[in-house]
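Shown next, in structure tokens, is the structure this report addresses.
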Amino acid sequence: MIKDCSGKLEGVTETPVLEVLLIVSRVLGIRKEDLFLKDLVVSPTEEKRILKLVEKRASGYPLHYILGEKEFMGLSLLVEEGVFVPRPETEELVELALELIRKYGIKAVADIGTGSGAIGVSVAKFSDVVVFATDVSSKAVEVARKNAERHGVSDRFFVRKGEFLEPFKEKFASIEMILSNPPYVKSSAHLPKDVLFEPAEALFGGEDGLDFYREFFGRYNTSGKIVLMEIGEDQVEELKKIVSDAVFLKDSAGKYRFLFLNRRSS
Ligand code: SAM
Ligand code: GLN
């Protein structure tokens, strides 16, 4: 069965066998590692369900929506349709943020466009900061809240629906660091099929992909704060025109993927 199924996924993913195993373990309710421990009996109902989900995946539907979770910073985060699936490059932003939090003893952080809560929940989990998170999507707010509960940080992770930092105006002065992985894809970009199942407002940043940054830096006075945002790999030159004193940091693949601004006075 696994061979037949993985054949169906060959054009869709580079890891068809792994994806089938993950789907099977999801349907059977066991860990992937345990699939090989004993002779598994798969009931006809389970087999039907597995085939149905493999067909769904074969149509390009994202694996992590089928599985209902995605690992991020070693944490299992709930994800579902309508919410952006966290990406590995964003883990590097979180690592950088945690270093800065330790270095400066930062206590209050914002996460704009929190999605599943990936950045905010993991930063709260691995430090003692308070996080003020926002998202324009009600679904994202709901899922982020569940993820904060799931990882025991809901007393330090506050999420509200709205644009940028509007929902936390009263906290703005106390926020020392602003984090974000905003939508930065150009509206004309051709994206892989599975990415197109993700919400458009999570991906597209207008014609040149830079609408979010333009609007954020136009609206907010960030003096006294640190700003760390993910960017598209070809956006440095254009972003320099928007934020002239920004520094750009490379990811582990050597690409400029983060905009960094340290406007702290000390
Ligand atoms: N931070 C999550 C992560 O890294 O996995 C989600 C990132 S996703 C690329 C961008 C998110 O920003 C989406 O959830 C989208 O709904 C939200 N968003 C887009 N524009 C926004 C705005 N102006 N204010 C707040 N959230 C916004
Ligand atoms: N890296 C995402 C992609 O796969 C885009 C993320 C974003 O816009 N923040 O297309």
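Both backbone and side-chain heavy atoms feed into the values below; hydrogens, waters and symmetry mates do not. We count ligands from 1, going down the list as the structure has it; atoms in each ligand are counted the same way.
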Report all N/O contacts between ligand 1 and the protein shorter than 3.5 Å as a table of atom names and distances to 0.1 Å; if there are none, say 'none'.
from	atom 1	to	atom 2	distance (Å)
ligand 1	1 (N)	Gly113	O	2.9
ligand 1	1 (N)	Thr114	O	3.3
ligand 1	4 (O)	Asn181	ND2	3.0
ligand 1	14 (O)	Asp135	OD1	3.4
ligand 1	14 (O)	Asp135	OD2	2.6
ligand 1	16 (O)	Asp135	OD1	2.6
ligand 1	24 (N)	Phe164	N	2.8
ligand 1	26 (N)	Val136	N	3.4

Can you give me a line-by-line list of nitrogen or oxygen pairs between ligand 2 and the protein shorter than 3.5 Å?
from	atom 1	to	atom 2	distance (Å)
ligand 2	4 (O)	Arg87	NE	3.3
ligand 2	4 (O)	Arg87	NH2	3.2
ligand 2	8 (O)	Tyr184	N	3.1
ligand 2	8 (O)	Leu203	O	3.4
ligand 2	9 (N)	Asn181	OD1	2.8
ligand 2	9 (N)	Pro182	O	2.7

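Side chains of Thr134 and Glu166: no donor on one and acceptor on the other come within 3.5 Å.
A distance-only check finds a donor-acceptor pair linking the side chain of Arg145 to the backbone of Val159 [under 3.5 Å].
The salt bridge (charged side-chain N to carboxylate O under 4.0 Å, His left out) analysis of residues 6-18, with sequence neighbours excluded, yields the pairs Lys8-Glu55.
Residue Glu207 qualifies as open at atom CD: its count of foreign heavy atoms under 6.0 Å is 12 or below.
Ser174 is linked by a side chain to side chain contact (heavy atoms under 4.5 Å, CB included) to Lys171, counting only residues two or more places apart in sequence or in another chain.
Relative to the ring axis of Tyr65, Lys56 does not place its NZ or CZ within 45° and under 6.0 Å from the centre.
In this structure, Tyr220 has its ring center under 6.0 Å from that of Phe216. Two rings, from Phe132 and Phe168, have their centers less than 6.0 Å apart.
Of the candidates Lys186, Lys255, Arg257, Asp234 forms a salt bridge (Lys or Arg N to Asp or Glu O under 4.0 Å) with just one, namely Lys186.
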